[in-house]
Amino acid sequence: MPKIGYYVVMTQQDIPKAYEPKKVEDSIYQRWEESGFFNPDKLPGQRQRAFTISMPPPNATGILHIGHAVMLAVQDLVIRFQRMNGKKALWLPGSDHAGIATQTKVEKLLKDKEGKSRHDLGRAEFLKRVDEFVAASRNTIKNQVKKMGSSCDWSRERFTLDEGLNQAVNHAFKQMFDDGLIYRGDRIVNWCPRCSSTLADDEVEYQNQQGKFYYIKYGPFVVATTRPETKIGDTAVAVNPNDQRYQQYLGQDLAINLGKINIKVKVIADESVDPEFGTGTVGVTPAHSLVDFAMAQKNNLPIIQVIGPDGKMTDQAGVYAGLTVEDCRSRFVKDLTDAGLIDKIEEIDNNLSICYRCGHVIEPLISKQWFIDVNKPVKKFNGQSIKQRALGVVTDGDIKIIPERFNKIYYHWLENLRDWCISRQIWYGHRIPVWYRGEEIYVGQAAPTGEGWQQDPDTLDTWFSSGLWTFSTLGWPQSSKDLKTFHPTSLMETAYDILFFWVARMIIMSTYLVEQIPFREVYLHGLIRDEQGRKMSKSLENIIDPLDTIAKYGADATRLSLVIGTAPGNDSNISEAKIEGYRNFVNKLWNISRYILMKVKSPKVVDRAPKAKTLADQWILAELHQLTDFVTKNLEQYNFSLAGEKIYEFTWSNLADWYVEITKSEDDKDEILLYILTQLLKLWHPFTPFVTEEIWQKLNAKELLMVQSWPQAKVKIAEKDVLSDFQLVKDIVTAIRNLRTESKLPPAQRLRAVIISPTKHQLISQQSVLIKNLARLEELVVLSKGTKPSESLSAILTQAEIYLPVSGMLDIVKETKRLEQEADRIAEFVTHLEQKLSNEHFVERAPKDIIANEKIKLVQNQERLAKIRQQLEGLQ
RNA sequence: GGGUUCGUAGCUCAGCUGGUUAGAGCGCUUCGCUUACACCGAAGAGGUCAGAGGUUCGAAUCCUCUCGGACCCACCA
């Protein structure tokens with residue numbers, strides 16, 4: 001027998017009592033993959049509209065972590081929903097070379113294992129090592145992505161260093177260079193001496209720390225600084241223009257002695273100096289401070305670089321040349337102290353700039369780098385800059401960010417964006433497509449012909465290529481069919497912490513290069529924390545590894561725990577207990593299915609709603625259809641949690657706890673049970689693809705669940721009446737069970753009950769078999785009117801009085817107390833309603849339907865209260 | 001300094017554009033191995049929705065302030 005034989009041969013008795021994800025998940029994934037349906041070109045049926053998600057490419061460095069797991073769970077949910085919804089659904093996977101991150105990682109491995117640096121190996125050999133590492137790592141990640149059940153199109157998998165993407169990068173660079181948006185210049189940049197590379201502004205992190213604030217006697221001034229060694233490179237001293245104390249010195253050139261060093265500074269006035277802070281005077285170090293650099297440009301100051309790219313003092317530092325920054329600082333401070341030039345030293349809180357990749361302290365310094373001009377007017381944007389354009393597509397609503405509040409953050413970031421430094425002095429990445437020969441410069445796709453051309457040794461910022469991701473992966477700059485079909489993509493789903501790094505840059509690059517938005521909607525999920533809300537980290541030993549939880553509880557349970565109980569853009573805490581809870585749920589779904597499969601004569605898919613034969617049938621169908629409607633709407637609006645909770649509730653509370661129990665006493669349920677199961681599996685599929693597919697196959701389905709069409713909510717039943725009628729039945733059953741428990745009647749004891757209901761006795765009579773079975777009654781008498789049987793427990797509902805005669809066993813004291821409590825509770829509610837309805841303003845201004853509803857509630861509860869009081873009198 | 005966000009049952013969280021006697025899961029109590037499921041079932045207990053004002057007929061939901069937690073951006077010379 002072919003592969004499907006596995007399912008055919010299996011008899012219903014063989015269905016295990018407990019669902020075992022580990023045994024089935026891999027083979028189900030394999031079936032999906034072999035079906036080819038991950039590829040939108042191979043999907044069945046006529047599909048006009050495309051739905052595209054570009055998977056945020058995980059870094060080629062590591063292992064799948066819980067953050068990736070959320071992203072995969074959410075995106076797979078959306079893409080499966082859209083695929084079932086008849087869309088040409090493409091989820092394009094890939095990975096990112098992550099220049100600095102990967103190079104840092106490999107350098108560390110190299111050092112730990114062989115004690116060598118990248119320079120010991122040389123560029124070519126080092127890159128070979130990186131490629132080997134990345135190849136292995138990418139393969140690992142790919143397998144882990146599959147473990148989550150991700151239905152992405154592996155035939156379109158891309159890597160940022162692929163040939164095609166490399167061409168896209170070069171093309172983008174050349175186009176922007178030709179348009180004058182990319183330029184090369186000497187500017188102050190964030191320099192990481194450890195990485196020996198520049199960093200973008202947003203790649204710098206800050207660490208709060210206790211530092212020393214040195215007050216240095218500085219000619220006629222006292223200048224305060226946290227970094228004394230940079231004072232060697234001062235070329236000015238700045239004061240606030242309004243500061244009366246220093247007016248006399250403005251414009252003067254002063255020679256300052258700093259112990260073993262003499263410097264020359266000009267006294268300048270600058271608004272940015274806060275007269276209140278420190279001494280109100282600032283030593284200006286143009287080469288090693290962003291702010292000072294700006295001041296130097298404004299005032300035409302000389303620039304002296306005293307710290308080199310290697311983190312050591314340059315020759316300009318005189319006697320300190322060659323020392324590391326740290327050594328220089330202590331030597332310099334000692335020399336100043338010896339010379340009596342230290343006024344005082346204070347402790348101060350300050351922010352240390354550190355490299356986001358390696359944690360080393362950042363040295364701002366001046367360097368010749370490549371930049372993208374974000375403020376230059378662009379002709380095709382009618383004079384707007386690329387930054388204004390990126391703002392416009394969001395303010396105009398072309399791109400919708402969910403949740404909306406991130407709009408503000410996005411705007412703020414873009415409005416303050418400075419030119420983007422795109423060159424990196426690392427080896428791993430896209431080599432800058434620029435060649436030099438003497439004074440000549442050539443920019444192009446490939447090396448120019450002719451002798452003596454040298455390519456720029458630098459590589460591009462990783463985010464430059466990531467910025468092209470939505471379209472470079474679809475064949476750009478060629479005008480490919482994929483690009484036409486799938487771009488702009490539909491949804492960008494990612495964590496909010498990457499909004500600037502990536503989302504904003506994709507918008508800049510796409511609007512400029514393709515003249516299309518990269519995606520229509522951005523859905524930002526929160527970060528996952530541990531059960532106490534702490535970040536997950538190795539040192540806290542609180543890491544939840546999705547691969548572990550998949551092995552232990554299954555991919556479906558892991559997915560549910562990441563999708564339900566969370567709100568967009570909000571961080572969420574996760575614990576193993578939560579995942580365990582969803583494992584239990586998946587098992588519940590399994591067992592409901594097991595029950596149905598064992599009960600029906602021939603398991604099959606039922607897509608047409610069967611005729612309801614009983615009230616219970618009508619009720620469960622009405623619930624199912626309402627559910628379908630609700631879930632569809634909420635999935636369309638990315639309210640995954642709400643949708644999931646609702647299906648959960650239907651599955652466990654309505655189907656399992658009530659309807660399945662009912663089918664044990666009502667006959668002829670095959671069609672309807674199979675219909676409900678069919679629809680339910682479809683609704684659950686985007687959330688829990690594995691278990692639903694596994695059950696689906698047991699329905700002797702020929703096709704895979706993943707390509708079935710999404711259920712339509714066709715509601716024909718008079719739902720309101722059905723729902724309220726069935727609610728009364730449920731209330732009666734619950735009330736009887738409650739009486740039994742409260743009065744400690746043995747669960748097995750069959751009881752007799754009398755129900756009196758003037759308005760609903762017919763309904764209750766019709767449902768008496770059901771009520772008897774569910775409430776474990778021996779006999780049920782239903783009357784339209786009558787009096788309470790003697791010596792009986794009573795429960796008064798709004799539409800029915802229920803009596804359980806317990807001759808000789810009635811505890812009058814207890815029963816009185818119980819009824820009194822009930823009466824008090826209702827009396828309180830009645831008072832509340834009376835007050836509300838006697839409020840003129842309420843009656844005047846509230847909507848009519850609300851008032852009508854309150855009136856009904858009042859009447860019902862007044863009657864109910866009266867009857868309970870009657871009972872109480874009867875007990876006296 | 002600017003901004004965002006959270007504070008709802010013991011714990012983890014849902015509650016959309018204001019109208020339910022405020023919900024879920026876990027935990028807890030009391031029963032129960034009723035042939036789908038003990039990864040279960042039945043019945044319960046448990047909350048003045050951080051605090052104080054305000055808008056409104058009506059506020060957990062909107063506004064202001066206070067307190068407490070988290071985060072982002074800027075910046076500290």
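As the structure is a computational prediction, the values presented were derived from the model and not from experiment. Letters A, B, ... mirror the listed sequences (proteins, then strands); counts begin at 1.
Two residues, Leu290(A) and Glu854(A), neighbour RNA chain B, and the one matched to the more 5' nucleotide by heavy-atom proximity is Glu854(A). Comparing Thr798(A) and His841(A) against RNA chain B, the residue whose closest nucleotide sits nearer the 5' end is Thr798(A).
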(message) Assess the residue pair Glu645(A) and Ser641(A) against the criterion (side chain to side chain donor-acceptor pair (under 3.5 Å)); give the C-alpha distance rounded to whole Å, side-chain angles, the decisive distance to 0.1 Å, and a yes or no.
(response) CA-CA 6 Å; Glu645(A) 276 172 50; Ser641(A) 183; 3.2 Å; yes
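No contact: Gly569(A) has no heavy atom under 4.0 Å from any strand. Within 4.0 Å (heavy atoms only), Arg227(A) reaches no atom of the nucleic acid at all. Nucleic acid contact for Arg583(A): base, since at least one base atom lies under 4.0 Å from a heavy atom of the residue. Within the nucleic acid shown, Gly581(A) has no heavy atom closer than 4.0 Å to any nucleic acid atom. Within 4.0 Å (heavy atoms only), Tyr206(A) reaches at least one base atom of the nucleic acid. Looking at heavy-atom distances under 4.0 Å, Pro847(A) makes contact with a base. As judged by a 4.0 angstrom heavy-atom cut-off over every strand, Lys599(A) is placed among residues making no nucleic acid contact. Using a 4.0 Å heavy-atom criterion, one finds that Glu844(A) contacts no nucleic acid atom at all. Residue Ala656(A) is in base contact, counting any heavy-atom pair closer than 4.0 Å across all strands shown. Counting non-hydrogen atoms under 4.0 angstrom, Lys17(A) reaches the backbone sugars and phosphates but no base. As judged by a 4.0 angstrom heavy-atom cut-off over every strand, Thr225(A) is placed among residues touching the sugar-phosphate backbone only. As judged by a 4.0 angstrom heavy-atom cut-off over every strand, Ala577(A) is placed among residues making no nucleic acid contact. Among the heavy atoms of the strands, none lies under 4.0 Å from Arg740(A). Within the nucleic acid shown, Ser289(A) has no heavy atom closer than 4.0 Å to any nucleic acid atom.
Using a 3.5 Å distance cut-off with no hydrogens or angles, the side chains of Asp571(A) and Tyr496(A) do pair a donor with an acceptor. Neither side chain, Asn584(A) nor Glu580(A), offers a donor N or O lying under 3.5 Å from an acceptor on the other.
Ring geometry, Tyr648(A) versus Tyr582(A): the interplanar angle exceeds 60°, so the pair is classed perpendicular (tilted spans 30 to 60°).
Within the structure, every side-chain polar atom (N or O) of Trp652(A) is placed at least 4.0 Å from both OP1 and OP2 of A24(B). Note on Lys408(A): a side-chain N or O is less than 4.0 Å away from OP1 or OP2 of U4(B). Phosphate contact (OP1/OP2 of G41(B), side-chain N/O of Lys588(A), threshold under 4.0 Å): present. Between Asn570(A) and U5(B) there is no side-chain N or O to OP1 or OP2 distance below 4.0 Å. Regarding contacts with the backbone of A77(B), a side-chain N or O of Thr226(A) is found under 4.0 angstrom from either OP1 or OP2.
Side-chain proximity of Asn573(A) to C75(B), A36(B), C13(B): nearest is C13(B). Counting only heavy atoms from C-beta on, Asp657(A) has its side chain closest to A42(B) among A42(B), A77(B), C39(B). The nucleotide whose nearest atom lies closest to any side-chain atom of Asn738(A) is, among A42(B), G44(B), A77(B), G44(B).
Between Trp684(A) and Phe687(A), a ring centre-to-centre spacing shorter than 6.0 Å is recorded.
RNA chain B forms stems at B:1-7 with B:67-73, B:10-13 with B:23-26, B:28-32 with B:40-44, B:50-54 with B:62-66, each a run of 3 or more consecutive Watson-Crick or G-U wobble pairs whose two key distances fall under 3.5 Å.
What separates CD of Glu580(A) from C1' of A38(B) is a distance of 13 Å, to the nearest Å.
The two residues Thr279(A) and Val223(A) come nearest to each other via the heavy atoms OG1-CA, 4.1 Å.
With hydrogens and angles left out, the side chain of Glu661(A) and the base of A36(B) share a donor-acceptor pair within 3.5 Å. Contact of Lys646(A) with A14(B) (side chain to base): no donor-acceptor pair of N or O atoms is detected under 3.5 Å.
Panel note: side chain Ser289(A), backbone Asp292(A); a donor-acceptor pair is recorded below 3.5 Å.
Here the separation of C37(B) from A14(B), taken at their C1' atoms, is 27 Å to the nearest Å.
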